[in-house]
Amino acid sequence: MARRKEPAIPDAILDQLLAGAEAKTAFDPGGLLDGLKKALAERVLNAEMDHHLGGEGGVENGRNGYGRKIVTTDTGRLELEIPRDRQSSFDPQLIAKYQRRFPGFDDKIISMYARGMSNREIVGHLRDLYGIDVSPDLISTVTDAVLDEIAAWQARPLEPVYPLVFFDALRVKIRDEGLVRNKAVHIALGVRHDGGKEILGLWLEQNEGAKFWLRVMNELRNRGVDDILLAVVDGLKGFPEAITAVFPEATVQTCIVHLLRGSLDFVSYKDRKVVAGALKDIYRAVNAPAAEAALAAFEAGFWGQKYPAIGMAWRRVWPEVIPFFAFPTDVRRLIYTTNAIEALNSKLRRAVRARGHFPTDEAALKLLYLVLNRAEKKWIMPPREWSMAKAQFAVMFGERLKRAAA
């Protein structure tokens with residue numbers, strides 16, 4: 001028979017706390033739980049004061065009564081008695097001198113913001129759930145603290161070698177000079193030697209071009225990246241040249257998913273399924289010559305003649321499609337489906353749709369960074385195809401892959 005697990009707080013103490021009170025009111029604002037939180041906070045503050053006075057050696061100091069401060073918590077507002085000292089040198093760690101929010105409250109705001117809620121929605125949520133009235137400006141102040149975190153994250157050192165890096169982009173609407181404009185947010189997702197995934201950076205740009213891509217590559221280089229073995233890109237003009245200008249040994253591979261989506265943009269809705277099926281012969285070919293023969297057959301066939309722009313699109317990026325055919329099926333699946341970046345983009349798009357458009361670039365970056373940060377914490381296991389991919393990379397890239405493990 002399983003033994004009953006002992007509670008963290010003995011039942012006798014809990015019974016004593018509940019004596020004379022209705023259990024159902026324990027979680028109400030100002031109820032038992034808030035009373036315990038207030039008592040515990042004041043106990044901690046007094047302990048901090050004792051430590052402060054005991055650590056001042058021969059300096060003449062002592063207690064000087066209490067001051068009152070109302071702090072906002074995740075369940076409501078509490079009025080705390082803050083101990084004072086005669087020399088006003090006491091700065092508590094639990095609730096700092098000018099702090100008006102209890103630890104954990106800011107984290108709740110940031111968590112709601114990361115889920116795509118606007119400032120006013122967060123204000124309404126806090127009012128409905130906890131009976132707390134805060135201003136939209138307070139929400140902005142709390143979330144603006146993330147900007148410093150973003151700057152540090154964007155400048156952090158990176159690994160010297162990444163076997164695989166996916167570069168992708170999504171569009172967001174941002175108010176700029178009185179108009180709502182479409183801007184591109186670019187994401188680099190790196191795969192380390194051990195198969196672990198890492199967001200390398202986040203860049204927001206209205207105009208994409210070779211100069212922008214070159215700046216991004218140089219930034220990665222300046223942060224410690226010496227080599228990228230395989231870069232998977234979405235076929236944007238000037239991107240492959242910018243990558244090889246900074247990482248001359250990198251193999252650049254066009255993302256097949258993006259190429260297929262771009263191809264189907266030329267196709268009427270009723271024809272999409274059958275055209276997508278016809279294109280499978282190209283990217284499922286056993287090698288590059290067979291793939292080129294399949295592309296030629298598609299161009300000469302009914303669908304290639306009806307939609308000639310598809311063949312032209314594939315021909316335009318064919319040098320960046322060819323590397324795909326050097327890999328076995330398991331590795332192709334890793335490159336083709338790009339599950340990691342697709343799942344990531346899905347999360348980002350949901351958050352962006354919930355917001356509609358952003359008032360500033362900084363507001364967009366805050367939200368996207370927080371979504372990325374939450375997603376990255378859940379990445380524990382490498383892709384299941386990674387063992388096979390690494391074995392293939394070892395043959396293809398030799399010493400360059402070994403440097404990634406050093």
Side-chain angles (χ1 to χ4, degrees), residues 150-151 153-172 174 181-192 197-263 312-324 326-327 334-336 338 340-342 344-345 348 361 364-365 368-369 372 393 396-397 400-401 403-404:
I150 294 173
W153 174 79
Q154 192 77 354
R156 77 195 189 282
L158 298 174
E159 298 281 329
V161 179
Y162 285 92
L164 184 58
V165 179
F166 297 104
F167 294 95
D168 205 356
L170 73 156
R171 292 279 172 177
V172 296
I174 299 175
R181 305 180 190 274
N182 271 324
K183 293 190 179 183
V185 177
H186 302 277
I187 302 157
L189 172 64
V191 180
R192 299 186 296 269
K197 301 187 291 290
E198 176 185 2
I199 304 294
L200 307 186
L202 183 68
W203 299 270
L204 197 153
E205 192 78 9
Q206 183 173 344
N207 300 310
E208 305 160 25
K211 289 183 179 179
F212 167 70
W213 302 123
L214 190 62
R215 175 168 66 81
V216 170
M217 294 305 118
N218 281 322
E219 181 181 317
L220 294 177
R221 168 75 80 176
N222 293 336
R223 290 167 60 195
V225 180
D226 294 326
D227 195 7
I228 294 172
L229 305 189
L230 180 63
V232 181
V233 303
D234 57 4
L236 293 170
K237 188 176 179 181
F239 206 170
E241 294 79 6
I243 293 172
T244 53
V246 179
F247 304 105
E249 293 185 275
T251 299
V252 180
Q253 167 69 57
T254 291
C255 177
I256 303 298
V257 168
H258 282 87
L259 191 53
L260 286 171
R261 286 177 183 164
S263 299
M312 293 168 60
W314 283 72
R315 293 286 182 190
R316 192 161 47 245
V317 295
W318 193 248
E320 284 78 48
V321 174
I322 291 173
F324 179 77
F327 296 105
L334 177 68
I335 301 169
Y336 163 76
T338 60
I341 198 110
E342 290 297 313
L344 192 62
N345 279 343
L348 292 170
D361 287 2
L365 284 174
L368 295 171
Y369 166 76
L372 290 173
F393 279 20
M396 294 184 67
F397 300 110
R400 291 171 64 199
L401 181 66
R403 291 207 311 271

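Predicted model only: the values in this text are computed from it and were never measured. The figures here come from the full heavy-atom set of this structure, side chains too, leaving out hydrogens, waters and symmetry mates.
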For Arg316, check side chain to side chain donor-acceptor pair (under 3.5 Å) against everything at least two apart and list the hits.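 Side chain to side chain donor-acceptor pair (under 3.5 Å) list for Arg316, sorted by chain: empty.
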If the condition is side-chain contact (heavy atoms from CB on, under 4.5 Å), which residues does Glu198 pass it with, not counting sequence neighbours?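 If we apply the side-chain contact (heavy atoms from CB on, under 4.5 Å) test to Glu198, skipping adjacent residues, the hits are Arg156, Leu158, Glu159, Tyr162, Arg192, Leu200, Glu376.
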Which heavy atom in [X] sits nearest to a heavy atom in [Y], and how many Å separate them?
X      : Y      : result
Ala169 : His186 : CB-ND1, 3.3 Å
Asp227 : Arg400 : OD2-NE, 2.7 Å
Gln253 : Leu230 : CB-CD1, 3.8 Å
Met396 : Ala326 : CE-CB, 4.4 Å

Can you find a pair of side-chain heavy atoms, one from [X] and one from [Y], that are under 4.5 Å apart?
X      : Y      : result
Leu229 : Leu164 : no
Phe167 : Met217 : yes
Val191 : Val165 : no
Asp226 : Arg221 : yes
Phe166 : Ile187 : no

Contacts of type salt bridge (Lys or Arg N to Asp or Glu O under 4.0 Å), residue [X], not counting sequence neighbours:
X      : value
Arg215 : Glu205
Glu320 : none
Asp361 : Lys183

Can you measure from CH2 (Trp203) to CH2 (Trp213) and round to the nearest 0.5 angstrom?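 The distance works out to 9.5 Å.
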Let me have the donor-acceptor pairs involving side chains of residues 243-252, under 3.5 Å, with sequence neighbours excluded, atom names and distances please.
| from | atom 1 | to | atom 2 | distance (Å) |
| --- | --- | --- | --- | --- |
| Thr244 | OG1 | Pro240 | O | 3.1 |
| Thr244 | OG1 | Glu241 | O | 3.3 |

Among Ile150, Leu368, Leu348, which one satisfies side-chain contact (heavy atoms from CB on, under 4.5 Å) with Leu202?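 Considering Ile150, Leu368, Leu348, a side-chain contact (heavy atoms from CB on, under 4.5 Å) with Leu202 is found only for Leu368.
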Show your reasoning for whether side-chain contact (heavy atoms from CB on, under 4.5 Å) applies to Ser263 and Trp314. CA-CA 8 Å; Ser263 299; Trp314 283 72; 2.9 Å; yes
Verdict with reasoning, Phe324 to Thr254, per side-chain contact (heavy atoms from CB on, under 4.5 Å): CA-CA 8 Å; Phe324 179 77; Thr254 291; over 6 Å; no
